[in-house]
Protein chains: 2
Amino acid sequence: MGESSGGSIYGDAEARRRRTLDAAAALLDEGGYAALTIRSVAKRAGTSTGLIYQYFADKQDIFMALLDESIVESTRAVAALPRDRGVAALIAAIIDESARRWGRLGRMSQVWRDAERAADAGRESLRAVHDSGDRYDETVFEALTEAAAKEGRVLLDETAVLPFLLSGMQGVAASIVNDWAAYLDSDEFARFSAAALTRAITRTEPSP
Amino acid sequence: MGESSGGSIYGDAEARRRRTLDAAAALLDEGGYAALTIRSVAKRAGTSTGLIYQYFADKQDIFMALLDESIVESTRAVAALPRDRGVAALIAAIIDESARRWGRLGRMSQVWRDAERAADAGRESLRAVHDSGDRYDETVFEALTEAAAKEGRVLLDETAVLPFLLSGMQGVAASIVNDWAAYLDSDEFARFSAAALTRAITRTEPSP
DNA sequence: ACCTGAACACCGTTCAAGT
DNA sequence: ACCTGAACACCGTTCAAGT
């Protein structure tokens, strides 16, 4: 509780967890999924393979932790986005942010899906990602409502509005990262998509 | 050329390729990505691991072949869709088809991306998937234009329209398959999304 | 000429042995 | 008490040996 540096003669456990996560992220950035092996993470983080399993249940758990952090960061970024430039500008900014995130971790979606299947429903790291995801969704919804209000617009009053928007933004971000539609400038594509999504989910008048 | 059954005393090479692909698809359906090992494919297809490498360059190549076939089938399905029920109905039907396809092979997107990276640009199976994808995109665009015309609508005249629509449909289909938005009926979600996408990319009047 | 499956170089994960 | 890394049971891929 009051211990300032982890409290073990062997080193700070929390710091080692951090280094493990950083090493994993770096390997993922540099060499893609294939480069991410437990042995190379251990080497880079300055630990042993065995010790990694004291902090993470398995390889998937490392992904989950990385994914969770990434979602939390995105949520913070979305929360800080300006609301006074209109819905379309807000959506374009979220798509940018989402593409940046997808660039590093999108490749993990496979892992994520298999985890969701295998579920171990109790698994803590999975619940964490779920909760962070919910928070992200709420943050997007709030930002959107505020941006619309400033423009004198309202969101359509349907349950499917938010899931549709999130799916659409995700699809567009994935397209940008994967460079489908390479013949389009990606900024222009993001801007068009943002305007199109705005047409799809907002109306001019508040309902009476 | 005139040979009716493959022409080898060892059996029909083409038939064995087919059985290999069928075995791979079945394993994927049953046990997910993790169940798909070369050894189990060989066993199920009634060949040996070594022989599989005579028909496919590597494991990824098997995926590519499966993915290509899946895209070709989807293209056929889209081409056969009725045009006279409006744009939104057409889009909803494509989303359905897309979700079905994604259900089996979406998990392969990871593999696909890595292949695109490593590229071996010459790789034949990769080019095949690319070409099939282009054909799919064109087919969607044609169907869409026709459906709009029957309704007295037109697509917006912007290059980004098709990539946006494809990304959006893909995003929605992925959401349905992954069961995000579990609180929504997936048919309702698909219908709302189709209508929203229609608002996003069509106008009422032909341009003058 | 074609086919097989042991062998090779990995992988994720565990746990006896060290400090 | 904590940490290591050899060992285990796999994997994708190759290629000598069989038929």
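The figures here come from the full heavy-atom set of this structure, side chains too, leaving out hydrogens, waters and symmetry mates. In the text below, chain A, chain B and the rest are named by the order of the sequence lines, each starting its count at 1.
Between B:T75 and B:R135, the side chains place no donor N or O within less than 3.5 Å of an acceptor N or O (distance only, hydrogens not considered).
Between B:R16 and A:K59, it is B:R16 whose nearest contact on DNA chain C lies nearer the 5' terminus.
Taking every heavy atom of both residues into account, B:T49 and B:A42 meet most closely at N-CB, 3.7 Å. Across every non-hydrogen atom of A:I38 and A:I52, the tightest pair is O-CD1, 4.0 Å.
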> So what is the 5' to 3' dot-bracket string for DNA chain C, if pairs are Watson-Crick or G-U wobble with both distances under 3.5 Å, crossing pairs use [ ] and | means the partner sits on another strand?
Replying inline: ||.|||||...|||||.||

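In this entry the distance linking CZ of B:R39 with C1' of C:dC10 reads 12 Å, nearest Å. Separating the CG atom of A:D12 from the C1' atom of D:dC2 is a distance of 14 Å, rounded to the nearest angstrom. One atom, CD1 of A:I38, and another, P of C:dT13, lie 6 Å apart when rounded to the nearest Å. Here C:dT14 presents its P atom at 12 Å from CG of A:D61, a figure rounded to the nearest Å. The interatomic distance linking B:Y33 (OH) with C:dC11 (C1') rounds to 13 Å, in whole Å.
Although no hydrogens or angles enter the test, the distance criterion places a donor-acceptor pair under 3.5 Å between the side chain of A:D58 and the main chain of A:Q60. The closest donor-acceptor contact from the side chain of A:R199 to the backbone of B:A200 lies under 3.5 Å.
Rounded to the nearest 0.5 Å, atoms CG (A:L166) and OG (B:S175) are 7.5 Å apart.
The stretch residues 48-58 of chain A comes close to DNA chain D through A:S48, A:T49, A:G50, A:L51, each having a heavy atom under 4.0 Å from the strand.
A search for side chain to side chain contact (heavy atoms under 4.5 Å, CB included) contacts involving A:A25 returns A:L66, A:R104, not counting sequence neighbours. A:S193 meets the side chain to side chain contact (heavy atoms under 4.5 Å, CB included) test with A:I95, A:V172, A:F189, B:F164; sequence neighbours excluded. Every residue was checked against the salt bridge (charged side-chain N to carboxylate O under 4.0 Å, His left out) condition with A:D96, not counting sequence neighbours, and none meets it.
Within a 6.0 Å sphere centred on CZ of B:F141, heavy atoms belonging to other residues, nucleotides or ligands number 12 at most. The number of heavy-atom neighbours closer than 6.0 Å to NZ of B:K150, taken from other residues, nucleotides and ligands shown, is 12 or below.
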Protein N or O to nucleotides 16-19 of chain C N or O, pairs below 3.5 Å:
none

